[in-house]
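When a ligand or atom number is given, it counts from 1 through the structure's own listing order. Below, each value reflects all heavy atoms present in this structure, side chains not excepted, and no hydrogens, waters or symmetry copies. Note that the structure is a prediction, hence the values are computed from the model and not measured.
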Amino acid sequence: MRLVDTHCHLFMEPLLSDVAGVLARAAARGVDRAVVPAYDPPSWLALGELAQRPEISVAVGLHPWVADAQWGAAARNDGTGIESAMDSAARCSALKHALGGLFHAGRACAVGEIGLDTKIGDEGPALDLQIEILRVQLELAVDLDRPVILHCRGAFAELLEQVQRFDGRLRGVLHAYSRGPDPANSFLAAGLHIGFGGAITRDRARRALRAATDLPLDKIVLETDAPSIGLDGVEPVDTEPQHVRDVAEALAVLRGEPLETIAEVTTGNACELFRLPS
Ligand SMILES: [Zn+2]
């Protein structure tokens, strides 16, 4: 059986200090590949060594949490060429240039993690700015023929509107999905996949359980979001790519299908979507 963790942050601790151990424990449970999305300039740079490992595919994007001046400040002296004191048009073109450079260096299979988030509180970047930063990255993904890895909290209608602008030319995944069959079906209709993780291991996550049961299996990919999201009985900080096996087992029980079928179909979906080596 082969499984893929389509979303984990191996550049974060405690995973980074033990990448070889993390990958070995994953392989022992059939998880032989991980997609690692970075979300800000420091994490883009941290991907360098991870990207050399044959089991790892990386992605780069600018997360909505850092769509404002923070990313400019963080990037100022790290060689990505993004300055903090830019107007928004200059900032968007610098972002496109910085990300484009990483793609042309052959380092990334997807644009992500990007998206919209209105639940970060008043301190977070305004939704208008998030949308502006998102749009430039969606366009880049279409230009480069890469999938996107989308994060969304509280702004599903706004995100859907942005995705629909591409009339099916955009592909990608709405990750860490925990809502019901709606709005997932609208995103499927727009050409996206849905990523399920730890939420579907919890009995009380009723909406997510229903979505995981009802959505077409050929549009589902599996993930952990380690070390940010836990599973039933596993704290976020203890979550590793190996736990995608638990997500697959939960999905098999929910759908009444053999684990082998769940693994084969979702791994095939992930390999096709991200064009992973088979
Ligand atoms: Zn993530």
Side-chain angles (χ1 to χ4, degrees), residues 3-16 19 22 26 31 33-47 50-51 56-67 70-71 74 99 102 107-120 124-125 130 133-134 137-138 141 146-156 159 163 172-179 184 187 192-202 205 208 220-231 234-244 246-247 266 270 273-274 276:
L3 290 162
V4 176
D5 185 352
T6 61
H7 194 114
C8 56
H9 300 291
L10 298 184
F11 50 84
M12 290 171 71
E13 297 296 356
L15 302 167
L16 183 60
V19 171
V22 166
V31 184
R33 177 155 293 276
V35 177
V36 178
Y39 42 64
D40 62 4
S43 63
W44 304 343
L45 297 175
L47 290 177
L50 293 171
I56 292 177
S57 300
V58 301
V60 289
L62 193 69
H63 201 284
W65 294 350
V66 287
Q70 294 164 38
W71 64 265
L99 289 177
L102 293 167
R107 281 178 50 190
C109 70
V111 178
E113 161 175 8
I114 62 177
L116 298 177
D117 195 324
T118 53
K119 297 198 171 178
I120 20 177
Q130 293 186 32
I133 293 293
L134 172 69
Q137 297 182 94
L138 296 179
R146 296 295 208 290
V148 290
I149 299 172
L150 297 175
H151 163 108
C152 190
R153 286 195 312 168
F156 286 95
L159 182 64
V163 167
V173 58
L174 182 59
H175 105 98
Y177 193 72
S178 63
R179 307 256 299 209
F187 283 90
L192 291 196
H193 286 63
I194 302 292
F196 287 107
I200 66 163
T201 66
R202 301 181 199 278
I220 292 176
V221 296
L222 307 182
E223 62 167 80
T224 61
D225 204 13
S228 306
I229 298 183
L231 296 88
V234 184
E235 292 297 316
V237 70
D238 297 323
T239 306
E240 298 187 354
Q242 60 155 314
H243 294 115
V244 94
D246 301 283
V247 176
T266 60
L273 179 62
F274 293 105
L276 303 175

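- Taking backbone and side chain together, H151 holds no N, O or S atom under 2.8 Å from the Zn ion (ligand 1).
- The aromatic rings of H175 and H151 lie tilted to each other, with the angle between the two planes from 30° to 60°.
- Atom-to-atom distance recorded for Q130:CD and L116:CG is 5.5 Å, nearest 0.5 angstrom.
- Rounding to 10 degrees gives 170° for the angle at the Zn ion (ligand 1) between OD1 of D225 and OE1 of E113.
- The one candidate from V36, D225, L15 that meets the side-chain contact (heavy atoms from CB on, under 4.5 Å) condition with H9 is D225.
- One finds the CZ atom of R33 at 12.0 Å from the CG atom of D5 (value rounded to the nearest 0.5 Å).
- For H175, every N, O or S atom stays at 2.8 Å or more from the Zn ion (ligand 1).
- H7 contributes NE2 and H9 contributes NE2; the angle these two atoms make at the Zn ion (ligand 1) is 90°, rounded to 10°.
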